[in-house]
Amino acid sequence: MKGQVRVRAAILARMLEEARRHRSEECCGLLAGTNGVVTDILPARNQLASATAYEIAPEELFRLFKQIRATRLEHLGIYHSHPTGENSPSPRDVERAFYPDVAYFIASPDEGAKAAVRAFQIRDGVMTELEIIPL
């Protein structure tokens, strides 16, 4: 049985908007919410400014986690885009999946993408696609 992740539809739309706005590089950020529902998006700067990789600077990551705690939300996901190619985890994405208990969302700015936003659980180098349940 496939795992699921529940997300407000507005958050999915915002991820897609971010991906389309940053077509020359991967956009990225954190996702937060309560009761297992992603309700908030916290965009971050891709310090690599790369079309094939992303990294959030440690000080920005710290600030975002502090913001999540201050608003009494839970860290539920990480998102980024793949401006070129399919929106499934790259070997680098799998290798750098340091948060096994959150969902990893990948948005495609490509208008013709089969699934504009996909989500995965990545644990111990194994990725499993999650069914996105929009709310």
Side-chain angles (χ1 to χ4, degrees):
M1 183 170 149
K2 192 167 169 180
Q4 299 178 334
V5 60
R6 297 179 306 149
V7 187
R8 288 217 177 125
I11 300 303
L12 292 168
R14 178 82 188 279
M15 273 188 256
L16 207 47
E17 182 183 298
E18 290 283 319
R20 289 179 177 155
R21 187 174 341 154
H22 300 280
R23 286 184 186 267
S24 63
E25 66 182 55
E26 291 191 4
C27 70
C28 57
L30 300 183
L31 299 165
T34 55
N35 300 318
V37 178
V38 176
T39 59
D40 290 71
I41 186 169
L42 298 98
R45 185 179 68 81
N46 178 354
Q47 76 169 5
L48 300 178
S50 167
T52 58
Y54 76 96
E55 188 171 294
I56 302 171
E59 59 276 4
E60 185 171 12
L61 197 57
F62 179 77
R63 180 183 59 75
L64 293 173
F65 278 128
K66 192 173 174 184
Q67 185 179 337
I68 288 170
R69 278 193 309 277
T71 53
R72 292 199 161 104
L73 296 173
E74 306 163 59
H75 175 220
L76 297 176
I78 296 172
Y79 76 92
H80 72 284
S81 63
H82 281 180
T84 58
E86 192 180 330
N87 57 342
S88 60
S90 68
R92 178 184 167 90
D93 292 338
V94 173
E95 178 184 303
R96 299 180 57 81
F98 300 126
Y99 301 93
D101 296 325
V102 305
Y104 286 84
F105 289 80
I106 305 175
S108 171
D110 182 0
E111 306 287 344
K114 190 167 71 174
V117 179
R118 296 172 72 192
F120 301 85
Q121 178 179 49
I122 306 172
R123 177 174 283 146
D124 299 324
V126 177
M127 65 175 184
T128 306
E129 187 159 7
L130 302 172
E131 179 184 1
I132 297 173
I133 308 293
L135 303 175

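Only this structure's heavy atoms are used, side chains among them; waters, hydrogens and symmetry mates stay out. Bear in mind the structure is a predicted one, so any value in this text is a computation, not a measurement.
Linking ILVMFWY residues whenever their side-chain heavy atoms come closer than 4.5 Å, directly or via other members, leaves Leu135 and Tyr79 in distinct clusters. Both Leu42 and Phe98 are assigned to one and the same hydrophobic cluster, defined by single-linkage of ILVMFWY side chains at heavy-atom distances under 4.5 Å. Both Ile56 and Ile122 belong to a common hydrophobic cluster when Ile, Leu, Val, Met, Phe, Trp and Tyr are linked at side-chain heavy-atom distances under 4.5 angstrom. Linking ILVMFWY side-chain heavy atoms closer than 4.5 Å, directly or via other members, places Leu73 and Ile11 in two distinct hydrophobic clusters. Both Ile132 and Leu16 are part of a single hydrophobic cluster, where members link through side-chain heavy atoms under 4.5 Å apart.
The two residues Val117 and Ala107 make their nearest non-hydrogen contact at CG2-CB, 4.2 Å. Closest heavy-atom contact between Ser81 and Ala19: CB-CB, 3.6 Å. Shortest non-hydrogen contact noted between Val102 and His75 is CG1-O, 3.5 Å. Across Leu130 and Gln4, no two heavy atoms sit closer than the pair CD2-N, 4.2 Å. Between Pro109 and Pro83, the shortest heavy-atom contact is CG-CA, 3.7 Å. Nearest heavy atoms, Leu12 versus Pro134: CD1-CB, 3.9 Å.
Below 30°, between 30° and 60°, or above 60°: for Phe65 and Tyr99 the angle between ring planes is between 30° and 60°, a tilted geometry.
Within the model, atoms OG1 of Thr34 and CD of Glu74 stand 6.5 Å from one another, a figure rounded to the nearest 0.5 Å. Here CZ of Phe105 is found 12.5 Å from CZ of Arg118. Values are rounded to the nearest 0.5 Å.
Between Arg63 and Glu59 there is no salt bridge, since no side-chain N of the basic residue sits under 4.0 Å from a carboxylate O of the acidic one. Ion pairing between Glu86 and Lys114 fails under the 4.0 Å rule for side-chain N and carboxylate O. At a threshold of 4.0 Å, the pair Arg8-Asp40 does not count as salt-bridged, since none of the basic side-chain nitrogens sits closer than that to a carboxylate oxygen.
Under the 3.5 Å distance criterion, the side-chain polar atoms of Arg6 are matched with a main-chain donor or acceptor of Asn35. At distances below 3.5 Å, not a single donor-acceptor pair connects side-chain atoms of Asn87 with backbone N or O atoms of His82. A distance-only check finds no donor-acceptor pair linking the side chain of His22 to the backbone of Ser24 [under 3.5 Å].
None of Glu26, Glu60, Arg45, Arg96 except one satisfies the side-chain contact (heavy atoms from CB on, under 4.5 Å) rule with Glu55; the exception is Arg96.
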Requested in this report: Before giving the answer on side chain to side chain contact (heavy atoms under 4.5 Å, CB included), spell out for Leu76 and Thr39 the whole-Å C-alpha distance, their side-chain angles and the decisive distance to 0.1 Å.
Outcome: CA-CA 9 Å; Leu76 297 176; Thr39 59; over 6 Å; no
Requested in this report: Step by step, work out the side chain to side chain contact (heavy atoms under 4.5 Å, CB included) result for Met15 and Leu31.
Outcome: CA-CA 10 Å; Met15 273 188 256; Leu31 299 165; 4.0 Å; yes
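For residues 109-135, the set of pairs meeting the ring pair (Phe, Tyr, Trp, His ring centres under 6.0 Å) definition, not counting sequence neighbours, is empty. Applying the ring pair (Phe, Tyr, Trp, His ring centres under 6.0 Å) test to every pair with at least one member in residues 25-63, sequence neighbours left out, gives these pairs: Tyr54-His80.
The side-chain heavy atoms of Ser88 and Ile106, taken from C-beta on, include no pair separated by under 4.5 Å. Within the 4.5 Å cutoff, side-chain heavy atoms of Arg123 are placed close to those of Asp101.
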